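Below, chain A is the first sequence line, B the second, and so on; all start at residue 1. All values reported here derive from a predicted model rather than from experimental measurement. No hydrogens, no waters, no symmetry mates; every other heavy atom, side chains included, goes into these values.
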Amino acid sequence: MPQPPGDPLLRMYRQMVRIRQFEETVSRLFLEGRLPGTLHLYAGQEACAVGVCEALKPTDWITSTHRAHGHAIAKGVSMDSMMAELFARTTGCAGGYGGSMHMGDPAVGALTAIAIVAGNAPVAAGMALGFRMQATGQVVACFTGDGALNEGAFHEAANMAAIWDLPVIFVCENNLYGASTPIAEVVKLERLSDRAAGYGFPGITVDGMDVQAVYEAMVPVVERARTGGGPTLVECLTYRYTGHSRNDTRGYRTRAEEAEWKARDPIPRLAAHLTASGIATEAEVAAIAEEVAAELERAVRFAEESPSPAPEDCLRHVFAEEVRG
Amino acid sequence: MAGETKTMTIAEALREAIREEMRRDPRVFCLGEDIGIPGGFGGAFTVTLGLSDEFGRQRILDTPISEAGIAGMAVGAALAGMRPIADVQYADFLFCAMDQLVNQAAKMRYMSGGKLTVPMVMRAPCGATTRAAQHGQSPESFFIHVPGLKVACPSTAYDAKGLLKTAIRDDNPVLFFEHKLLYGSKGMRAEVGALSPVGEVPIEDYTIPFGQAVVRREGTDVTIVAKLRMVYEALAAAEALAAEGIECEVIDPRTLVPFDTETVVASVAKTEHLVVVDECPRTGGWAGEVAAEIQEKAFGHLDAPIHRVTAPDTPVPFAPVMERFYVPGRDDIARAVQGVLQWR
């Protein structure tokens, strides 16, 4: 799906609101017992996904993680199909085979999310290799969390992307905790982006609570990747508002810390900028939230009215059936 | 077979398969360690030797020593529309890449609800060759347990070329196991104790469908199912037993996933006895899986319990005298055949 037209800031604002409201909606549905499985919510980190995807072309690709909803929405996966996936319906973006941790839609360049930490890094680099070999000009943004940088797979992928100058961008959303473990306990460095120097490509750290900052940082990085300059590690400093997944009461961090980060919430921050700079009126900004709320109501209805897969459908899609010549 | 043929080793046949597929499809490329470096090995067992001269080093792509990276790169490139042939120097190194093979390659299609395809080949040299516990394993059994992976095991040059071409054209990830003692690698990469079977291989294009076993020797008394190097041990045992008036039917499955149950069932219907031979360790192995499948499908035909001849449940030892004990041999197979025939 191409990005909706209009002012890029308004577009990014709407996308962040869509992610926030999607997460609030599915969190409520989950607590009401209407969704199976588990959820890793993205609320708080919206500026990262939206700023990154705004800098990509519709034909570019992203790879995502277990915390996949925000990335998928930002890249253009329909909320109807995502909601249906969470309801485990055949109309879901993965037909009910994936669920929350495997959101994506190849039709919009969102690879089915990979929920093994850093498992997507070699895959993203490999996609970049494939695009480069076919001279398509496409780039790949590989979303990871902070935890992924301590996985061997990330190291192997980053090194290979470096030596071959692959068109891949490693976007590390540093939300300060790997599940409950603070980043400072598992990384000696202050800035995760300093790791990039070890691979021989640039690393930058940006305010992941500021969508404009993320977008502006990404534009030259994407250009660099697209024109053969190779990868960049982009560390986005951000914060997840909810627990790691369900049943996480966040006993490992303080409410004061949470309040500090929420005071920097990317959505009101951009709303203030939109109205102050005259890009939109307060009424127009408020209307976006209402429109998104209606969109989500439709998505929930679409999901609930969609059919469940048959039990024996679990036997399908193990193998591609035809052998191409 | 019609048409012109050439006598080839398995290494040569694999090289021809790769060469022909790379010529016919620009999406096909190789990546792995030491596969295209000028003056280098041409892969650990010479399969890709010389290919970088024809195709260049972009399509015979030398990688760092990064097996997870190699496998994951292949997954990604396949998702991006390429048809990669990745390899590791020794099948033992697949364990470094297990997440990419088991969680990514095998499952991307399923997790996407059938929207994605991962057409990649992962080549891996297996088998005990006095290299001890970390360079001599036969890990095929691990991979038959992973839904979404196909597993091929050629034992002849003809099969090696035809099966590899099928693997490259398949839209699914294929684990392609090659036995180190069957390659026929030459020069400084030659293997001590190699069988190195050579065979007539068509120089033209042909493929061998997956899931079609071949009967290597016909017999009426006992069916022996064996793969890779064990095919030759089974044939030697059958030869020796024929002198005693025991006629063995030797079946080479050629692919483990998909597995040609029908051919084995048809054979057992005739012989009423089955021995399965495997160089993998015994517990949880492929031989046990075949035994279970055949007793479910053909219990009525069986006149004796199915016998497995496998490596013991130990790592691969180094000392040649221990390794010879470890790897199933013709005498072990012959004893097993006599055992099932004498069962009451």
Shortest non-hydrogen contact from A:G119 toward B:D99: CA-OD2, 3.8 Å
Toward chain A, the part of B:F210 with a non-hydrogen atom under 4.5 Å: neither
Interatomic spacing from CZ in A:F319 to CG in B:D171 - rounded to 0.5 Å: 12.5 Å
Gap separating the OG atom of B:S112 from the CE atom of A:M103, nearest 0.5 angstrom: 13.5 Å
Among B:G114, B:A105, B:P26, B:P209, residue most engaged with chain A (heavy-atom pairs, under 4.5 Å): B:G114
Closest contact, heavy atoms only, A:Y97 versus B:G113: CD1-CA, 3.8 Å
Worked verdict on A:L166 versus B:M73 for side chain to side chain contact (heavy atoms under 4.5 Å, CB included): CA-CA 11 Å; A:L166 295 180; B:M73 282 278 181; 3.7 Å; yes
Side chain to side chain contact (heavy atoms under 4.5 Å, CB included) evaluation trace for B:M82 with A:L129: CA-CA 9 Å; B:M82 301 295 286; A:L129 174 68; over 6 Å; no
Closest contact, heavy atoms only, A:V318 versus B:P147: CG1-C, 3.9 Å
Interchain contact, A:A124 with chain B, by part (heavy-atom threshold 4.5 Å): neither
Heavy-atom closest contact (A:P106 atom, B:L116 atom, distance): CG-CD2, 3.4 Å
Backbone of A:M133 reached by a side-chain donor or acceptor of B:Q58 within 3.5 Å: no
CA sep, side-chain torsions, deciding dist, call: A:H317, B:Y110, side chain to side chain contact (heavy atoms under 4.5 Å, CB included): CA-CA 5 Å; A:H317 300 315; B:Y110 195 80; 4.2 Å; yes
Other residues, nucleotides, ligands: >12 heavy atoms within 6.0 Å of B:Q134 CD: no
Close side-chain approach of B:I70 and A:M160, heavy atoms under 4.5 Å: yes
Side-chain donor/acceptor of A:Q134 to backbone N/O of B:A80, under 3.5 Å: yes
From NZ (B:K107) to OG1 (A:T112), nearest 0.5 Å: 14.5 Å
Proximal component of B:V257, with respect to chain A [non-hydrogen, under 4.5 Å]: side chain
Minimum side-chain heavy-atom gap A:I163-B:P64 below 4.5 Å: yes
Heavy-atom contact with chain A under 4.5 Å, split by part of B:L149: backbone
Straight-line distance of B:I65 CD1 to A:N159 CG, nearest 0.5 Å: 11.0 Å
Top contributor to chain B contacts, counting heavy-atom pairs under 4.5 Å, from A:P309, A:A157, A:A125, A:A115: A:A125
Side-chain donor or acceptor of B:K115 paired with backbone N/O of A:G104 under 3.5 Å: no
Nearest heavy atoms of A:P122 and B:A68, plus distance in Å: CB-O, 4.1 Å
Residue among A:H155, A:E156, A:Q138 with most heavy-atom pairs under 4.5 Å to chain B: A:E156
Which atoms of B:T63 approach chain A - backbone, side chain, both or neither, heavy atom under 4.5 Å: both
Criterion side chain to side chain contact (heavy atoms under 4.5 Å, CB included) on A:L111 and B:M108, from CA distance to verdict: CA-CA 9 Å; A:L111 188 72; B:M108 287 306 290; 3.8 Å; yes
